[in-house]
Number of protein chains: 4
Amino acid sequence: MNNVVLIGRLTRDPELRYIPNSGQAVSTFSLAVDKNLSKDKKQEMEARNQPTADFVNIVVWGKSAENCANYLVKGRLVGIQGRIQSGSYEAKDGTKRYTTDVVASTVEFLEWGDSKPQGDSNSKGSDFSDLQDFHPIDNDDIPF
Amino acid sequence: MNNVVLIGRLTRDPELRYIPNSGQAVSTFSLAVDKNLSKDKKQEMEARNQPTADFVNIVVWGKSAENCANYLVKGRLVGIQGRIQSGSYEAKDGTKRYTTDVVASTVEFLEWGDSKPQGDSNSKGSDFSDLQDFHPIDNDDIPF
Amino acid sequence: MNNVVLIGRLTRDPELRYIPNSGQAVSTFSLAVDKNLSKDKKQEMEARNQPTADFVNIVVWGKSAENCANYLVKGRLVGIQGRIQSGSYEAKDGTKRYTTDVVASTVEFLEWGDSKPQGDSNSKGSDFSDLQDFHPIDNDDIPF
Amino acid sequence: MNNVVLIGRLTRDPELRYIPNSGQAVSTFSLAVDKNLSKDKKQEMEARNQPTADFVNIVVWGKSAENCANYLVKGRLVGIQGRIQSGSYEAKDGTKRYTTDVVASTVEFLEWGDSKPQGDSNSKGSDFSDLQDFHPIDNDDIPF
DNA sequence: TTTT
DNA sequence: TTTT
């Protein structure tokens, strides 16, 4: 059993890449999950410049990865169901480093907005009007 | 281990009552949790008049119960963490009936709005402006 | 989001049936999930003949259903990950009744033993010696 | 929402220490949580010397910490409910390092045995006979 | 209709 | 630094 549920906001836009041989899509981003603090405790932490959220690295595979990359931006609220995955790698200085991520099986978009309005397209934002009807949606359902 | 996480919308306004002797507050409501259906499957279900959500009875105790009663209304989106509780009672016809609820330990308000604008008060809705800053909030944190 | 994790013991042997047209296997059983009670509270409840567990109906589909039927018996400890499902049916007296089950996506066997040693077969129990190696196992992994 | 459920085995005996001023007990250990692999995939991973488990650092506070230290040993199976906590510290080389742990709210002992039978004591293991009755137990319930 |  |  390895089961995680998080609700939080993206700390930056998702990154998307494709695995060389398989062509599998992977998206990664970091989630700020508010710690469950009383109003007072929260202020105290902020005053001391201590974090009031936990930061969790998220990994998403496949079509869901592409949906995240296409629709999510920094600051957006999502719900995630997945599992904890540990890993390790060798740092440039030769020491071993350990990593912990959450591999998401489902990503629910809990907020919508004009995402990805930037850049070389002169559109006024992606058109996903038909998605607006059903709000908490699993991103696997996004129909393209 | 008995652990449940749900995200869904209230199917009606919460009810609030107080336990006679202890004075403990209890709030109850029902949550519509969207089934994770593909767009096509969802349309098919709707066409057949079959439910596209699961309906779960929620029970909340204490201060959190009062916060739910004060701030939540039908349709509002919440995240719930709790446990499944089974029970039974005798129906009027003498047969035994079985019940299943989720007892919530935390209720996160995932949407805010002008709740409880009704009735004998001539206010334009409760004033909870200071709560608006931190969106996914555990209702235990609501400071009154 | 609709996520449930339970650890508990089967209150009876699993039932297995096959859906008429599709041929899909379904297994159903009930799980006794101990309430998280202090020693004292537990004794008090037992003295008053009140249940010290919550009872949850479990539904399992496909190969996992067959594994449950083949390997689990009353009393066995399992871990379950799944989602809450609500339903309704018409009782013989014409009134509507509501049901709540947990549809399991994974069933981990947390105890092993000589299952199905009963009755009209003169076997010494099913042979699943090769399964004994890896203890907390998701039943999807059972290789037949 | 920050909710984690794990079932796994301790990779070493728990460590216990007390926070200098508050006197709060903290126990830490690492959990090996089997990846959900098919028999074939598992063998393949083992052949390649790749891990077939995820390793998660667990932190437990208070009485529960002491119960873990007193009753758990390397290899024991437990169920854990808690939340992900991120942190950071400065390494000796001045670089910032990031950590991810699970802070457990409940630890269920899913196996029992003669724990702590070691060493300078000539006991035959701790006496916790009265605990043997109720198997999946939250360690908060251990009555001393 | 309930398990250890 | 990893368990059965």
Side-chain angles (χ1 to χ4, degrees), chain A residues 1-2 86-88 95-100, chain B residues 1-2 86-88 95-100, chain C residues 6-15 28-35 37 42 45-46 49-58 72-80 99 101 108-113 130-138 141, chain D residues 6-15 28-35 37 42 45-46 49-58 72-80 99 101 108-113 130-138 141:
Chain A
M1 189 70 57
N2 184 338
S86 62
S88 66
T95 62
K96 207 170 188 183
R97 297 281 225 292
Y98 299 91
T99 61
T100 304
Chain B
M1 188 71 55
N2 184 338
S86 63
S88 66
T95 63
K96 206 169 188 184
R97 297 281 225 289
Y98 299 91
T99 61
T100 304
Chain C
L6 303 171
I7 297 179
R9 293 181 186 278
L10 301 230
T11 64
R12 51 173 199 268
D13 292 358
E15 282 167 36
T28 52
F29 52 89
S30 167
L31 213 64
V33 181
D34 275 350
K35 286 168 188 287
L37 302 169
K42 195 182 163 101
M45 303 286 270
E46 280 163 349
N49 240 31
Q50 288 191 292
T52 62
D54 291 294
F55 298 94
V56 184
N57 292 320
I58 309 292
L72 293 179
V73 289
K74 179 181 176 177
R76 211 50 70 74
L77 186 70
V78 296
I80 283 192
T99 61
D101 312 291
E108 276 191 23
F109 297 178
L110 300 175
E111 278 181 357
W112 295 87
D130 58 338
L131 296 180
Q132 309 248 27
D133 320 68
F134 37 116
H135 260 202
I137 191 191
D138 186 280
D141 295 342
Chain D
L6 303 170
I7 297 178
R9 291 181 187 279
L10 300 231
T11 65
R12 52 172 198 271
D13 292 357
E15 282 167 37
T28 53
F29 51 88
S30 166
L31 214 64
V33 180
D34 275 351
K35 285 168 189 287
L37 304 168
K42 195 182 164 99
M45 303 286 270
E46 279 164 347
N49 239 32
Q50 288 191 294
T52 62
D54 291 294
F55 298 95
V56 185
N57 293 320
I58 310 292
L72 293 179
V73 289
K74 179 181 177 179
R76 212 53 68 71
L77 186 70
V78 295
I80 282 191
T99 61
D101 312 292
E108 275 190 24
F109 297 178
L110 300 174
E111 277 180 358
W112 296 87
D130 57 339
L131 297 179
Q132 308 249 27
D133 320 66
F134 36 117
H135 259 204
I137 189 191
D138 186 281
D141 295 342

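Order of the sequence lines sets the chain letters (A, B, ...), proteins ahead of strands, with each chain counted from 1. This is a predicted model, so every value here is computed, not measured.
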Taking the minimum atom-to-atom distance to the side chain of [X], which one of [options] wins?
{"X": "D:Asp34", "options": "E:dT3, E:dT1, F:dT3", "result": "F:dT3"}
{"X": "C:Ala32", "options": "F:dT2, E:dT2, E:dT3", "result": "E:dT3"}
{"X": "C:Thr11", "options": "F:dT2, E:dT4, E:dT2", "result": "E:dT2"}

Item to check | Test side chain to side chain contact (heavy atoms under 4.5 Å, CB included) applied to B:Ser86 - qualifying residues, sequence neighbours left out | outcome: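 Residues passing side chain to side chain contact (heavy atoms under 4.5 Å, CB included) with B:Ser86: C:Asp54, C:Phe55.
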
Item to check | Those residues that, when tested against C:Thr99, pass side chain to side chain contact (heavy atoms under 4.5 Å, CB included) (two or more places apart) | outcome: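 With neighbours one apart ignored, the set is C:Tyr89, C:Asp101.
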
Item to check | C:Asp13 side-chain N/O to C:Lys74 backbone N/O, donor-acceptor pair under 3.5 Å | outcome: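 Side chain of C:Asp13 to backbone of C:Lys74: a pair is present.
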
Whole angstroms only, please: what is the [atom1]-[atom2] distance between [X] and [N]?
{"X": "D:Asp101", "N": "F:dT1", "atom1": "CG", "atom2": "P", "answer": "18 Å"}
{"X": "D:Arg9", "N": "F:dT1", "atom1": "CZ", "atom2": "P", "answer": "23 Å"}
{"X": "D:Lys42", "N": "F:dT3", "atom1": "NZ", "atom2": "P", "answer": "12 Å"}
{"X": "D:Glu15", "N": "F:dT1", "atom1": "CD", "atom2": "P", "answer": "16 Å"}
{"X": "C:Leu6", "N": "E:dT2", "atom1": "CG", "atom2": "P", "answer": "19 Å"}
{"X": "C:Leu31", "N": "E:dT4", "atom1": "CG", "atom2": "C1'", "answer": "12 Å"}
{"X": "D:Glu111", "N": "F:dT3", "atom1": "CD", "atom2": "C1'", "answer": "11 Å"}
{"X": "B:Lys96", "N": "E:dT2", "atom1": "NZ", "atom2": "P", "answer": "6 Å"}

Next on the checklist: Measuring from atom CD1 of D:Ile58 to atom OG1 of D:Thr11, what distance do you get when rounded to the nearest 0.5 angstrom?
Outcome noted: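 Output value for this atom pair is 10.0 Å.
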
Checklist entry - Would you say a side-chain N or O of D:Lys74 is under 4.0 Å from OP1 or OP2 of F:dT2? => result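 Checking F:dT2 against D:Lys74, no side-chain N or O comes under 4.0 Å of OP1 or OP2.
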
Checklist entry - Just checking B:Ser88: base, sugar-phosphate only, or nothing, at a heavy-atom cut-off of under 4.0 Å? => result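 Contact class for B:Ser88: none.
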
